[in-house]
Chemist: 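Sending over a structure as structure tokens; questions will come in a sec.
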Amino acid sequence: STEQEENKMLNKKTGVLKRIAISGLAITVLCTASGMFAACGYAETGSGYKVEDIDLAEVDRDEGEAVFREGGLAEIYKDYFVVGVSGKGSTFENQKSIISNFNSVSPEYDMKWNRTEYPEGEYHNTSVNNFINLASQNNMGVRGHCLIWYQSTPKWVHDKLGNKCRMDENGNPVTHTVNGKDLRIGETVENRELGLEVMRNRIYSAMEQYGNETVYCWDVVNEALIPWDDAEKPLTKQMIEAGEIYRNGENDARHFGKDQEDPGTGETVYWRLDWEKVIGEDFIQQAFQMADDACREFGYDNMDLFYNDYDLTNPMKRDACLRMIHDLQQGGIRIDGIGEQAHYTLESYTSNKKKWLTNFETAIQAYTGLGLDFQLTELEITVKGATGGKLTEQQEKDQAEMYSEIFKICRKYSKKLPPWKEGAGYVTGITFWGAADDSSTTSHIFNQDLTPKMAYEAIATFGDFE
């Protein structure tokens with residue numbers, strides 16, 4: 001409603017005190033008139049940033065019944081949140097019969113830096129413009145993905161910032177073995193001022209070129225937090241307390257030590273850029289501040305700025321994300337929302353449904369409780385053991401149930417209802433990682449022939465699918 005939206009803007013732009021208990025820490029956040037945050041304080045503890053005082057029962061409320069409207073999921077959920085789909089432009093051309101189910105699109109790769117600017121200052125926007133045109137023709141928005149990522153940086157950026165493979169005295173690449181694989185070691189040069197200049201040009205040029213008529217939000221920074229499970233130095237509570245939460249070439253060499261062909265030049269490039277080494281520990285603060293400045297300069301009053309990552313409902317990764325939010329807010333940096341990529345497995349749910357759903361909802365409460373919006377940005381549910389691109393009857397039923405439970409929880413925190421607590425944010429969007437299965441994939445809500453799966457029916461009927 002209009003009143004709810006006004007309350008949300010009040011949360012962003014006026015003085016509102018909010019409190020959240022994080023591992024016994026009373027964190028007080030003061031939202032100033034500029035939409036920034038200050039006055040955060042916390043005491044060190046031995047248990048890390050762990051959400052407490054979250055009572056899921058207090059948000060036990062009726063989210064309504066499914067209202068069937070012509071137009072599919074986008075119309076059914078129009079009072080709740082955006083329903084989007086991510087993919088390639090060519091894929092959407094072959095799926096026109098189901099495109100009306102979505103009111104948002106997000107390109108998998110087309111907006112990424114190494115596909116849009118090469119060499120420096122020369123822009124290649126045909127694919128992005130096709131996406132924007134597709135969205136405009138179908139009354140859809142575009143979810144901008146992404147501005148800054150340690151991957152997908154063009155070769156010219158690596159050359160300019162001195163990012164390369166370390167070589168030995170004989171001129172051969174230095175490698176080390178991680179999980180049985182020989183990976184090349186990166187050599188990143190500290191180059192703060194030049195790094196900030198390159199980052200600012202990337203953010204400003206992308207946001208200016210793609211505008212705000214169709215693009216309604218941006219993932220400003222993507223995948224900056226250390227993985228909780230598969231890094232050389234996975235996250236711990238002590239690391240979170242100390243603020244050592246960002247991945248780099250030392251603590252996550254498994255993901256940084258890779259070469260890849262540069263899409264622009266065709267050359268092999270050591271393409272994982274260690275932004276923390278180049279700019280410093282405040283590289284995320286710098287990126288969000290630049291994006292906020294660009295919004296002000298270009299008059300993008302309704303553009304939302306997100307942090308996007310995976311595993312953000314896992315308690316350890318969630319607590320690291322909360323630490324990042326705390327640091328941003330303490331520094332007076334604007335952030336509007338959190339995007340959870342949501343590449344889930346069915347087995348993670350069926351092995352312990354109560355635990356999975358509790359972790360999922362607790363994370364939503366933790367992020368929205370700090371006044372931020374929350375979106376699922378790449379939702380899919382993969383099924384181990386699916387053969388020939390087909391699910392068993394039980395697998396399809398379990399997959400449908402999991403999709404249904406995810407949407408049910410998200411409806412509880414949507415704009416259809418008042419905020420679950422004063423000053424809280426909303427779940428504002430769910431974007432699927434593709435719409436239809438193919439010969440090797442069974443994670444989506446449509447079959448290969450574009451007929452609805454049981455998962456689609458579960459979502460559309462608010463769980464009344466058996």
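All values below come from the heavy atoms of this structure, side chains included, with hydrogens, waters and symmetry mates left out.
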Chemist: Side chains of Ile245 and Leu235: closer than 4.5 Å at any heavy-atom pair?
Modeler: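 Ile245 reaches Leu235 side chain to side chain.
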Chemist: With a 4.5 Å limit on heavy-atom distance, are the side chains of Asn302 and Tyr216 in contact?
Modeler: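 SC-SC contact between Asn302 and Tyr216 ruled out.
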Chemist: So which atom in Tyr204 and which in Met290 form the shortest heavy-atom distance, rounded to 0.1 Å?
Modeler: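 Scanning both residues completely, I find the closest heavy atoms to be CE1-O, 3.6 Å.
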Chemist: So, taking the atom named CZ in Arg318 and the one named CG in Leu322, what distance separates them when rounded to the nearest 0.5 Å?
Modeler: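 The CG atom of Leu322 is 6.5 Å from CZ of Arg318, to the nearest 0.5 Å.
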Chemist: Just jot down the salt bridge (Lys or Arg N to Asp or Glu O under 4.0 Å) partners of Glu213, sequence neighbours excluded, or say none.
Modeler: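 With neighbours one apart ignored, the set is empty.
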Chemist: Whether Glu197 and Arg200 form a salt bridge (side-chain N of Lys/Arg under 4.0 Å from carboxylate O of Asp/Glu) is what I want to check.
Modeler: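 Not counted as a salt bridge, because no side-chain N and carboxylate O are separated by less than 4.0 Å.
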Chemist: What heavy-atom pair brings Ala455 and Gln399 nearest, and what distance separates the two atoms?
Modeler: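 The answer is CB-OE1, 4.4 Å.
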Chemist: Would the distance check show the side chain of Glu340 and the main-chain N or O of Leu312 forming a donor-acceptor pair, the cut-off being under 3.5 Å?
Modeler: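 Judged by distance alone, yes, a pair lies under 3.5 Å.
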Chemist: Please check if the side chain of Thr441 supplies one atom and the backbone of Asp438 the other of a donor-acceptor pair under 3.5 Å.
Modeler: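 Absent.
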Chemist: Quick check on the 6.0 Å ring-centre criterion: do Tyr456 and Tyr403 meet it?
Modeler: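 That pair fails the under 6.0 Å test.
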Chemist: So which atom in Tyr300 and which in Gly211 form the shortest heavy-atom distance, rounded to 0.1 Å?
Modeler: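 Minimum heavy-atom separation between Tyr300 and Gly211: OH-CA, 3.3 Å.
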Chemist: Show every side chain to side chain donor-acceptor pair (under 3.5 Å) that has at least one partner inside residues 134-148, sequence neighbours left out.
Modeler: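 Qualifying pairs, neighbours excluded: Ser136-Thr214, Arg143-Asp219, Arg143-Gln375, His145-Asp219.
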Chemist: Kindly determine whether Phe81 and Arg411 satisfy side-chain contact (heavy atoms from CB on, under 4.5 Å), including the steps that lead there.
Modeler: CA-CA 8 Å; Phe81 41 70; Arg411 289 195 300 270; 4.3 Å; yes
Chemist: Just wondering, are more than 12 heavy atoms of other shown residues or ligands nearer than 6.0 Å to CD in Glu190?
Modeler: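 Atom CD in Glu190 is not crowded, with 12 or fewer foreign heavy atoms closer than 6.0 Å.
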Chemist: Do the rings of Phe407 and Phe432 sit parallel, tilted or perpendicular, given the 30° and 60° boundaries?
Modeler: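 Phe407 and Phe432: parallel rings.
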Chemist: Under the side-chain contact (heavy atoms from CB on, under 4.5 Å) rule, what do Leu161 and Leu194 come out as? Steps first, then yes or no, please.
Modeler: CA-CA 7 Å; Leu161 296 180; Leu194 186 57; 3.8 Å; yes
Chemist: Got a second to check how far Tyr426's OH is from Lys415's NZ, nearest 0.5 Å?
Modeler: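 It is 10.0 Å, given to the nearest 0.5 Å.
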Chemist: Is the shortest side-chain N to carboxylate O distance from Arg323 to Asp327 below 4.0 Å?
Modeler: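 Result for this pair is yes, salt bridge flagged.
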Chemist: For this output row, return yes or no: ring centroids of Phe92 and Phe131 closer than 6.0 angstrom.
Modeler: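 Yes, close enough.
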Chemist: Looking at Phe462 versus Tyr77, is the centre-to-centre ring distance below 6.0 Å?
Modeler: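 They qualify: ring centres under 6.0 Å apart.
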Chemist: Just do the side-chain contact (heavy atoms from CB on, under 4.5 Å) check on Cys321 and Asp309 with the steps written out, would you?
Modeler: CA-CA 9 Å; Cys321 189; Asp309 211 325; over 6 Å; no
Chemist: Does any N or O in the side chain of Glu117 come within less than 3.5 Å of the main-chain N or O of Gly121, such that one atom is a donor and the other an acceptor?
Modeler: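 Yes, the answer is positive, given that a donor and an acceptor are paired below the 3.5 Å cut-off.
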Chemist: If you look at every heavy atom in Pro107 and Val142, which pair is closest and at what distance?
Modeler: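 Smallest interatomic distance, heavy atoms only, reads CD-CG1, 4.4 Å.
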Chemist: Check whether His444 reaches the backbone of Glu380 with its side chain - one donor and one acceptor, N or O, closer than 3.5 Å.
Modeler: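 Not a single qualifying donor-acceptor pair exists.
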Chemist: Evaluate whether atom CD of Glu405 has more than 12 neighbouring non-hydrogen atoms of other residues, nucleotides or ligands under 6.0 angstrom away.
Modeler: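 It does: Glu405 CD has more than 12 such atoms within range.
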Chemist: Can you name the closest pair of heavy atoms from Arg272 and Asn163 and give their distance?
Modeler: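 Reported closest heavy-atom pair: O-ND2, 3.5 Å.
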Chemist: For Phe374, enumerate each residue passing the ring pair (Phe, Tyr, Trp, His ring centres under 6.0 Å) test, keeping only those at least two apart in sequence or located in another chain.
Modeler: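 Counting only residues at least two positions away or on another chain, Phe374 forms a ring pair (Phe, Tyr, Trp, His ring centres under 6.0 Å) with Tyr367.
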Chemist: Calculate, to the nearest 0.5 Å, the distance between atoms CD1 and CG belonging to Ile338 and Leu376 respectively.
Modeler: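 Interatomic distance, Ile338 CD1 to Leu376 CG, rounded to 0.5 Å: 12.5 Å.
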Chemist: Answer yes or no: is there a donor N or O on one side and an acceptor on the other, between the side chain of Lys112 and the main chain of Glu108, under 3.5 Å?
Modeler: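 Checking the backbone N and O of Glu108 against the side chain of Lys112, a donor-acceptor pair under 3.5 Å is found.
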Chemist: Considering residues, nucleotides and ligands other than Glu457, do more than 12 of their heavy atoms fall under 6.0 Å from its CD?
Modeler: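 Atom CD in Glu457 is packed in, count exceeds 12.
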Chemist: Report the residues that fulfil ring pair (Phe, Tyr, Trp, His ring centres under 6.0 Å) with Tyr246, sequence neighbours left out, ordered by chain and then residue number.
Modeler: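 Here the qualifying residues are Phe283.
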Chemist: Near Lys160 NZ, under 6.0 Å, is it more than 12 heavy atoms from other residues, nucleotides or ligands?
Modeler: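 Yes, the 6.0 Å shell around NZ holds more than 12 heavy atoms from other groups.
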Chemist: Are Asp292 and Arg334 ion-paired here, with the side-chain N under 4.0 Å from a carboxylate O?
Modeler: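 Judged by the 4.0 Å cut-off on N to carboxylate O distance, Asp292 and Arg334 do form a salt bridge.
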Chemist: Keeping Asn103 on the side-chain end and Val83 on the backbone end, is there a donor-acceptor pair under 3.5 Å?
Modeler: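 Checked: pair present.
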Chemist: Mind checking what makes ring pair (Phe, Tyr, Trp, His ring centres under 6.0 Å) contact with Phe102, not counting sequence neighbours?
Modeler: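 Ring pair (Phe, Tyr, Trp, His ring centres under 6.0 Å) check on Phe102 returns nothing, list empty.
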Chemist: Any non-hydrogen side-chain atom of Gln341 less than 4.5 Å from a side-chain atom of Asn222?
Modeler: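 Yes, side chains in contact.
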Chemist: Nearest 0.5 Å please: distance from the CG atom of Asp319 over to the CE atom of Met239.
Modeler: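 Between Asp319 CG and Met239 CE, I get 13.5 Å after rounding to 0.5 Å.
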Chemist: What are the two closest non-hydrogen atoms of Met111 and Gly144, and how far apart are they?
Modeler: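 For Met111 and Gly144, the tightest heavy-atom pair comes out as SD-CA, 3.7 Å.
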Chemist: May I ask you to test the Val278-Val189 pair for a side-chain heavy-atom distance under 4.5 Å?
Modeler: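 They are not in side-chain contact.
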Chemist: First locate atom OG of Ser443, then atom NZ of Lys453, and finally report the distance between them rounded to the nearest 0.5 Å.
Modeler: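 Going from OG on Ser443 over to NZ on Lys453, the span is 7.0 Å.
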Chemist: Any non-hydrogen side-chain atom of Thr116 less than 4.5 Å from a side-chain atom of Arg202?
Modeler: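 In contact.
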Chemist: What do you reckon, is CD of Glu122 surrounded by more than 12 foreign heavy atoms closer than 6.0 Å?
Modeler: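 Yes, because the 6.0 Å sphere around CD of Glu122 holds more than 12 heavy atoms from other groups.
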Chemist: If we only count heavy atoms from C-beta on, is the Met199 to Ile148 side-chain gap below 4.5 Å?
Modeler: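 Side-chain contact under 4.5 Å: yes.
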Chemist: So, do Leu147 and Met207 sit near enough that their side-chain heavy atoms are less than 4.5 Å apart?
Modeler: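 The answer is yes; the side chains approach within 4.5 Å.
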Chemist: Measure the spacing between CD1 of Ile226 and CG of Asp252 and express it to the nearest 0.5 Å.
Modeler: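 If I round to the nearest 0.5 Å, the distance is 7.5 Å.
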Chemist: Please walk me through it: do His343 and Thr382 pass side chain to side chain donor-acceptor pair (under 3.5 Å)?
Modeler: CA-CA 8 Å; His343 295 285; Thr382 59; over 6 Å; no
Chemist: Donor-acceptor pair, Gln209 side chain versus Ser205 backbone, under 3.5 Å?
Modeler: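 Side chain of Gln209 to backbone of Ser205: a pair is present.
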Chemist: Less than 4.5 Å apart, any side-chain heavy atom of Tyr349 and any of Ile381?
Modeler: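 Tyr349 vs Ile381: side chains apart.
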Chemist: Taking ring pair (Phe, Tyr, Trp, His ring centres under 6.0 Å) as the test, write out the residues that go with Tyr210, two or more places apart.
Modeler: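 Applying ring pair (Phe, Tyr, Trp, His ring centres under 6.0 Å) to Tyr210 gives none.
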Chemist: Taking the ring of Tyr118 and the ring of His124, is the distance between their centroids below 6.0 Å?
Modeler: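 Aromatic pair counts; centres sit under 6.0 Å.
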Chemist: Okay, side chain of Ser86, backbone of Ser106: is any donor-acceptor separation there less than 3.5 Å?
Modeler: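 It does hold such a pair.
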Chemist: If you apply the rule side chain to side chain donor-acceptor pair (under 3.5 Å), what do you find for Tyr413 with Glu361, and how did you get there?
Modeler: CA-CA 9 Å; Tyr413 298 89; Glu361 185 168 359; 2.5 Å; yes
Chemist: side-chain contact (heavy atoms from CB on, under 4.5 Å), that's the test. Do Leu73 and Ile445 meet it? Break it down for me.
Modeler: CA-CA 11 Å; Leu73 297 181; Ile445 61 173; 3.8 Å; yes
